[in-house]
Amino acid sequence: MKKLISTTILLGALAFSSCNKYLDVTPQAQTTKDQIFSTEKGFRDALTGAYIQMKSNNTYGGSLMWGNIEFMARNWDVVSANSLALNSLVNANYTDATVRSWLDNTYADLYKVVASVNSILERIDAQKGIFTGNNYSLIKGEALALRAFNHFDVLRMYGPMPDNPGQGPLLPYVTEVTHEIITPVGYNEFAQKILADLDAAEALLKDTDPVRTYSLAELNPPTNINTPPVVADNFYMYRQIRLNYYAVLALKARVYMYLSTTEPANKINAAKYAQMVIDARDHFGAPTFRLGKESDRVSGDYLMSSEHIAALSVYNLDAIANGTFGELGSLARSDFNVQDGFYFLNNLFPVAERTSDVRWKEMWVYRANNPSYVIYRKFNQRASSPVLQVPLLRLSEMYLILTECATGKEDAEAAYGAYCNEKGIPFPTGFNTSGWEADRRNKIIREYVRELYAEGQTFFTYKRLNVTTLPASWTAAYYTGTVARYVVPKPDREINYHNN
Amino acid sequence: MDFTAYPKPYLKAMPVQEAAARGLSTKSLPMDGLKVKTGRHSWTATIFLAMKLTFMLLFVALLHVRASVEAQTVSVSGNNLSVKALLQTIRQQTGYVAFYNQDMLTNAKTVSVKGNIALPELISIMSKDQPFYMELKENTKTIVITPKVVPVEFTMEYVNAVPAKITGHVADSVCSCPLPGATIRVKGKTATTSTDAQGNFTIEAETGDVLLISFVGYRPATYTVRRDKSITIIMASAVSSINNVVVTGIFNKAKESYTGAAKTITAKEIQNFQGRNIFVTIGNIDPSFYIVPNNSFGSDPNHLPDIQMRGNRNLPNIDQLQDNTSALINTPLIIMDGFPITLQRMMDLNTNEIASITLLKDGPATAIYGSRGANGVIVITTKEPVPGKLRLTYRGGLSLSAPDLSSYHLLNARDKLELERLSGFYYNSTKSPEQNIGLQQYYNQIKALVESGVNTDWMSKPLRNGVDQQHSLRLEGGDAAFRYALIGDVHKINGVMKGSDRRTINGTADLSYRLKTLNFRNSLTVGSVNANESPWGAFGDYVKLNPYWSPYDSAGNIVRTFTPFNYDYWVQKNGTGGKPYPNPMYDATLNTFNRSQYLNIINNFQVDWSPFKHFTVRGAFGINATNLNSDIFKPAEHSTFAGYSDADILRKGTYDYGTGKSFSYTSNLNLQYSNLFRGLHYLSIGAQMEAAEDKSNNYSFSAEGFPDASIDFLGMALQYQQNGRPGGTEATTRRVSAVGNVSYSYDDRYFADVSYRLDGASQFGTNSRFAPFYSLGAGWNLHHINFIHDNLPFVNRLKLRGSYGVTGNQAFSAYQPLATYGYIINDHYKNWLGATQTSLGNPNLQWQKNQKYNAGVEADLFRGRITMQADLYKEKTSNLLSSLELPYSNGFTSYIENIGQLEQTGWQASATVMLIQDDARRLNWSVTGNITHNTDRIVQLSQAMKAANEKLALLTDGSTPNKIIREGASQNTIYAVRSMGIDPSTGRELFKTRNGEVTYSWNAADRVAVGLNQPTYRGNFSTLVRYQGLSFNASFGYRLGGQIYNQTLVDRVESADKFFNVDARVFTDRWKQPGDRSFFRGINDYSAIFPSSRFVQNESTLTCQNINITYNVLNRAWLQHAGLQALTLSANTGELFYLSTVKQERGLDYPFTRQVSFNVFATF
């Protein structure tokens, strides 16, 4: 009897001690968070997953790249008269239910990427031991950069006018994956958190990022060469399509530029980081990035890939370009053939200035079946070695930031002149002598539009500079910039949960 | 033959020299009496098995004789004949078998008789002045010999003897189930004890002592102790239909002191209330077992019904609101012989092998199943092998089923054509004169057909009268140590839709072996099921065909499309593209199939060990494996591919293949102890530990390109489905649990019961892996109270009980609490693949918690003439799983949280009255009725659910009211806009808005609760008449109150598609001209119909569930002549009629049936 009882107790204890392990069942068709973050490969795949999420139609694979955000800036006209919601969008009628759902989806998808990288950041420090080489620094650095990048666009889109942000709580800066409600923070705190993440990313990537050493050509080798790649690990390559060290710097420049609206002192930092990107050199001593120019255009590299500091890899970009921007696509500009062939575009690209402008030449053509619309060809791909990536940060923007941040006329003209030289813009006499700053502002606005057309920057530029009317009639419709247009409403759901 | 069929007014305790082989209802192994002691006279004895289902063993000389003399009289002459010899003669001539003990005849006096003597007379002569009684039992054809009580004085010889210990076993006379908790006293002494969980007892008694055995619900028994050896006492129940042990599947409880609400259904009842399948049968007996009516599937033999016990305890999740998939999560837990089985498996069981079914309903009954018990538990026990000579039992059944089309009222060809004409289909002012002439010609063509007598009865085309067969063979035998049973069963159901059938083959090998205090048992069951869906498709496709169409051309071949045809006519019907209408019969002639099959293997192994008295250890291990696959083939000629372009010619013909398997194991260790202290305190303690795993996966894929109907082999497909990819699901769940139970009863008067269970399951979040469940119950046997006992002698039994219990429900998907990651399969980034988090997970996720309150009363009055039982219950289900909405900034839009609360209240009552109980003439007539009432209320919902529902409440799609779930209302509330009826001047419907204004326009926001789609009262009543070997049982089901949304009025009358055949009311009852006062709107009103209270009707129904006539052949001589031991014949009708206050078409995709079946049951 005693034996029996003791055996039973022993067996029972044994059984229940291993119970928890027994009850941990993992699915076959999926993997669990614990499992994926138990290997270095898992961290890499999760990071790649975040980049794939960035390609969402609601964000940088559509709405925030060439879609809604460009309609909001009136860079496109509504092709189909039946698109009632699209008409509401271009008229900044954000109360339209469909428009609201688009805007909400963009907001949601930006935060989805944030959640994805937060999962990585939540686990990476505890698992530091499993990483080899520079993987820890690269993955953590990029994850931080992605978090900052997405948050920054949340701020630019749903945040207040940067010249008058106010003090109240605005938006949540999310750093954890939880089902707790995250309290929103004020404008300054939000901005500081972006910069803090970028500082951390900069520190992690500074000495580890292969882009600090190798040239873009080395990191983006053509597929048909026999020489082995410069880095053995494929994951260290193609730095241009990841948020690399220079992307962090460039983003800092962009963020400081945006913040300079309230605090002009930030221009110093903006200029500093823009200059750092411009000054980047590979191990041959050559500039890492260079401005796109006529020869690039001639070779068919309309996207000017040499100046992409960061881009998103979109393997089906050719199909998108042909579909979305093509004959039957929804993204087109209204125009008609008078004088020199274009009426509205003539204002954006004045006839006298555009003869050698690489952003103009062969970029715009009339639709064959509907000649009241023009097709934009920037995303069209050449047959051999196509550039299947959409830019997130360009070197051009760094030159524009330098120009805008320059305190003296000469410095501004030097920066802008260097830029114009490459782009084929005549800039023989510098800025107007009287009121050169106003002239600079007008030119800068125009360059943001022309250079970054269909890249989602126009609207934010207008918002940053609080553009109320366009310098000249660039669009088929009259454009009024108002606070109501620039401050996109947050989703109702957020307002409900945050009680503000 | 079954003893439960006949109430035995008194069957005395029957001493048997050797321990009888007994079975436990749970298939646990009997532990007592394992020591086979050889008695003094046992060498003279041979075991002889008297009857099926009576496990009484006795010693008689084995004789093989031919019965030739007319029964009931005995021809015998002689002086000083020994009783033993006379008994042999009686047996030879009448077939009556005597039950007795050799000892009893040792001192028997000899008897002298002469000539033909009636058997009862002979018996009385034989027993005169003998030291024993003799009793003739006609219904069982036995003679029971019991000793006259020996006066106590005899025992005084052994004054100084050390009190000897006597061990024994008490069992039920019907099922041989052990009776735990029976009280044993020694007459004239203080010694008293009670039986343990296995029905065993030990008591100090000496030879000559008289044991008094009592157990409420049973006739008291006495037994005179002869030797200090193991004895078995068989007790007969006081009321035949009461099964006195509650089989909970874990611990067996004496019904006398059971605090829970449970319903035990015996094999006999299953026979008497036989329905189309086992679920219908149970529903016919207990209304709390509810088969959710499904008007679409009718009597489809391959459709698995939705089952609820005491209502619906779950809420659908947001994604389930639109479809009604939620019903499945209400399925009760099904335990067969201690191990869980699926609902599907239960449907395919060999019902002949079921010994009993217990429905566990309230807290104490279900709390021992912890996280699985919330929906109620069905405990099935199967029959155990009976020892004895090799015995063969055959049961055969033949069922005829005919479709019940009484709810269909379609137009004939002439009226249909007239309806089309009235609808203006043959003239259209917008069409050209040529076109109108064409239409007129087309009309004339059809008119000519109608005149020539074409009036096709389309409903009959896909239907047939189904003939089902069931054959079941059972071979069993063995001795006290080793027993076996081999069972084979073939069941072929042919549905009333042509080509729809289900074939089940079950085989079972049941072995048990005992070795001293150990008892082993292994049961292996293999079941194979083949199911075919009808190639004819949905029944509704035929109902709507126009009666003036003919399925055949003039040569008698089946046409592919119907003629005549007119383009301008058919182009009026949207969606046909002006094409001739295809004949659905054509597809049925092709080689097309939709079949599925599965093979299920269940093996249960069990070891019992009783190291000392009152204590049993049982270990069990069960595995359950299923392999299934499904094949759906459509050849290239099938009408599905009619629209394919020429380029897609090689894509015609499809094959969908699915395969899956599941494997589960359960192992448990069970400890039980029970004892009676001081003759008053009965204590029973049980504990069980269990570990189980369920694993399942399935895959499916589709292929296309089968150029010819003759090639129906998957491997010959030309390619995989275009853009298709394989599908599949996978789930593994594990569970560990420990359960303890303590029952105490004081002098059979007061009793209490406490259970505690700790469940751990892999579906629970990592932060709350273990869930506690418990129950408390108490009861009071009022009939033991002196006041009632003395003053109310007509009260034989009156029990009050109350209980509270907490159970759970873990019927949620396997990986819900986990934060899962999935690889992104349709995208890549350069040459890297990415993974992303697919669900936020919730490590705090808990089981659904179900609190059950129950109060019940049970009573037997007037010596069992009236039996009553009533239960009142309230259930609160909380922690319901529901999606909770998150702000977008969290990165996930929702997660699963324990939010949501439901409440059920209800009561049920049942009563049986014995109107005639004439034992002399063996005539009984009883009437049973029961009623149940259940209401439900949603107490709390998550924000996300509320939001989703309010969105649904503004949705205007379809004519069927969508399910809207609101706090404070029942889940079954019907929401529709209040209707004021049809305006006689316009034929349009008038609605009442939310604010009470009258309007023509329907607005989703005006929807209010207009009805409750659940019966207020539901129940059954039945009557049972028995006369001699004949018994007649008729049972009816009813539902009263509650509403139903009559979809027939919408689909088949109001928005009937008049290009096809419609309900006759379209022609006769719809508004035609101003001034018509009509229930239905204008005949040419084609506007969309939205939910209106006009279609909500009060429903009351009466169903004749079944009528059963059984005849037991009692003529033993004839039986013996035929080489049989027993023979029963029965006839049964199922769903003979259905009366309802609501006129709606029933069985839309598959008709309902009426059924007649014949069964024969023979033992060799």
Side-chain angles (χ1 to χ4, degrees), chain A residues 1 4 8 11-12 15-16 19-20 22-36 42 44-53 55 104 107-108 111-116 118-119 171-172 174 177-182 184 234-235 238 241 312-313 315 491 493-494 496-498, chain B residues 611-612 615 617 669 671 689 691 693 695 697 728-736 738 758 760-764 766 769-770 814-815 818-824 827-842 844 884-893 895 897 943 947:
Chain A
M1 179 65 192
L4 177 82
T8 311
L11 279 175
F16 274 86
C19 264
N20 267 317
Y22 179 76
L23 294 177
D24 276 326
V25 178
T26 51
Q28 268 183 293
Q30 293 170 308
T31 180
T32 63
K33 198 167 180 172
D34 292 334
Q35 270 182 323
I36 199 156
R44 288 177 166 195
D45 294 342
L47 183 67
T48 308
Y51 281 111
I52 293 176
Q53 280 181 312
K55 297 198 295 173
D104 290 2
Y107 184 93
Y111 275 110
K112 273 184 192 166
V113 180
V114 170
S116 290
N118 276 338
S119 284
L171 293 156
V174 184
V177 183
T178 174
H179 49 70
E180 303 294 328
I181 308 296
I182 297 143
N234 178 281
F235 194 71
Y238 312 112
I241 54 164
L312 275 183
S313 168
Y315 67 92
R493 171 133 83 161
E494 309 299 289
N496 294 344
Y497 280 102
H498 296 144
Chain B
F612 50 86
F615 181 68
V617 185
L669 182 70
L671 310 169
M689 274 167 283
E693 179 183 287
K695 208 179 166 96
N697 63 46
T729 57
E730 173 273 333
T732 302
T733 59
R734 289 195 188 134
R735 177 169 61 73
V736 291
L758 196 65
S762 60
Q763 294 108 302
F764 301 160
T766 43
R769 266 279 141 84
F770 287 90
Y815 308 124
L818 293 178
T820 50
Y821 262 78
Y823 275 83
I824 300 166
D827 206 346
H828 57 90
Y829 198 70
K830 199 77 187 178
N831 46 22
W832 306 301
L833 287 178
T836 184
Q837 195 167 349
T838 46
S839 71
L840 182 54
N842 183 359
N844 299 318
L884 206 64
E885 209 173 50
L886 279 176
Y888 292 120
S889 45
N890 287 56
F892 293 86
T893 47
Y895 71 109
E897 181 60 289
Q943 290 299 325

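Letters A, B, ... mirror the listed sequences (proteins, then strands); counts begin at 1. Nothing here was measured: the structure is a model prediction, and the numbers come from that model. Keep in mind that the numbers below use all heavy atoms, side chains included, and drop hydrogens, waters and symmetry copies.
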Chemist: Please examine the side chains of R493(A) and T893(B), heavy atoms only from C-beta on, and report whether any two atoms are closer than 4.5 Å.
Modeler: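 Yes, their side chains come closer than 4.5 Å.
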Chemist: By a 4.5 Å heavy-atom criterion (distance strictly below it), what part of Q35(A) contacts chain B: side chain, backbone, both, or neither?
Modeler: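 Neither part.
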Chemist: What closest approach, in Å, do S889(B) and E494(A) show between heavy atoms, and which atom pair accounts for it?
Modeler: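 That closest heavy-atom pairing would be OG-OE1, 2.9 Å.
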Chemist: Using non-hydrogen atoms and a 4.5 Å limit, figure out which bit of V114(A) sits close to chain B: side chain, backbone, both or neither.
Modeler: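 It is neither, since no heavy atom gets under 4.5 Å.
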Chemist: What part of L312(A) gets within 4.5 angstrom of chain B, counting heavy atoms only: side chain, backbone, both, or neither?
Modeler: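 For L312(A), backbone and side chain are both near chain B.
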Chemist: Determine whether N234(A) and N831(B) make a side-chain contact, defined as any pair of heavy atoms from C-beta on separated by less than 4.5 Å.
Modeler: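 A side-chain contact exists here, since the closest heavy-atom pair is under 4.5 Å.
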Chemist: Just jot down the side chain to side chain donor-acceptor pair (under 3.5 Å) partners of Y888(B), sequence neighbours excluded, or say none.
Modeler: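 For Y888(B), no residue satisfies side chain to side chain donor-acceptor pair (under 3.5 Å) once neighbours in sequence are set aside.
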Chemist: If you measure from OG1 on T48(A) to OH on Y823(B), what distance do you get to the nearest 0.5 Å?
Modeler: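 So the gap between those two atoms works out to 9.0 Å.
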Chemist: Can any side-chain N or O of Y829(B) pair as donor or acceptor with the backbone N or O of I241(A) at less than 3.5 Å?
Modeler: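 Judged by distance alone, yes, a pair lies under 3.5 Å.
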Chemist: Could I get the full list of salt bridge (charged side-chain N to carboxylate O under 4.0 Å, His left out) partners for R769(B), not counting sequence neighbours?
Modeler: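 R769(B) satisfies salt bridge (charged side-chain N to carboxylate O under 4.0 Å, His left out) with D24(A) once adjacent residues are dropped.
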Chemist: Mark yes or no for whether N890(B), through its side chain, and T178(A), through its backbone, hold a donor-acceptor pair below 3.5 Å.
Modeler: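 Present.
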Chemist: Using non-hydrogen atoms only, which part of I824(B) is less than 4.5 Å away from chain A: side chain, backbone, both, or neither?
Modeler: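 When you check distances to chain A, only side chain atoms of I824(B) fall under 4.5 Å.
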Chemist: Taking all non-hydrogen atoms of both residues, which atom of A835(B) and which atom of I36(A) are closest, and how far apart?
Modeler: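 Smallest heavy-atom distance, with atoms named: CB-CD1, 3.5 Å.
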Chemist: By a 4.5 Å heavy-atom criterion (distance strictly below it), what part of Y51(A) contacts chain B: side chain, backbone, both, or neither?
Modeler: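 Both backbone and side chain of Y51(A) come within 4.5 Å of chain B.
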Chemist: Please state whether the rings of W832(B) and Y238(A) are parallel, tilted or perpendicular, taking 30° and 60° as the class boundaries.
Modeler: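 Taking Y238(A) first and then W832(B), their aromatic rings stand perpendicular (interplane angle over 60°).
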Chemist: Looking only at non-hydrogen atoms, find the nearest pair between A46(A) and Y821(B) and report the distance.
Modeler: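 Closest pair (atom of A46(A), atom of Y821(B), distance): CB-CE2, 4.3 Å.
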Chemist: Can you give me the closest heavy-atom contact between L23(A) and R734(B), atom names plus distance?
Modeler: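 Shortest heavy-atom separation between L23(A) and R734(B) comes out as CD2-O, 3.6 Å.
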Chemist: Can you check whether K33(A)'s main-chain N or O pairs, donor with acceptor, with Q837(B)'s side chain at less than 3.5 Å?
Modeler: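 Answer holds: no.
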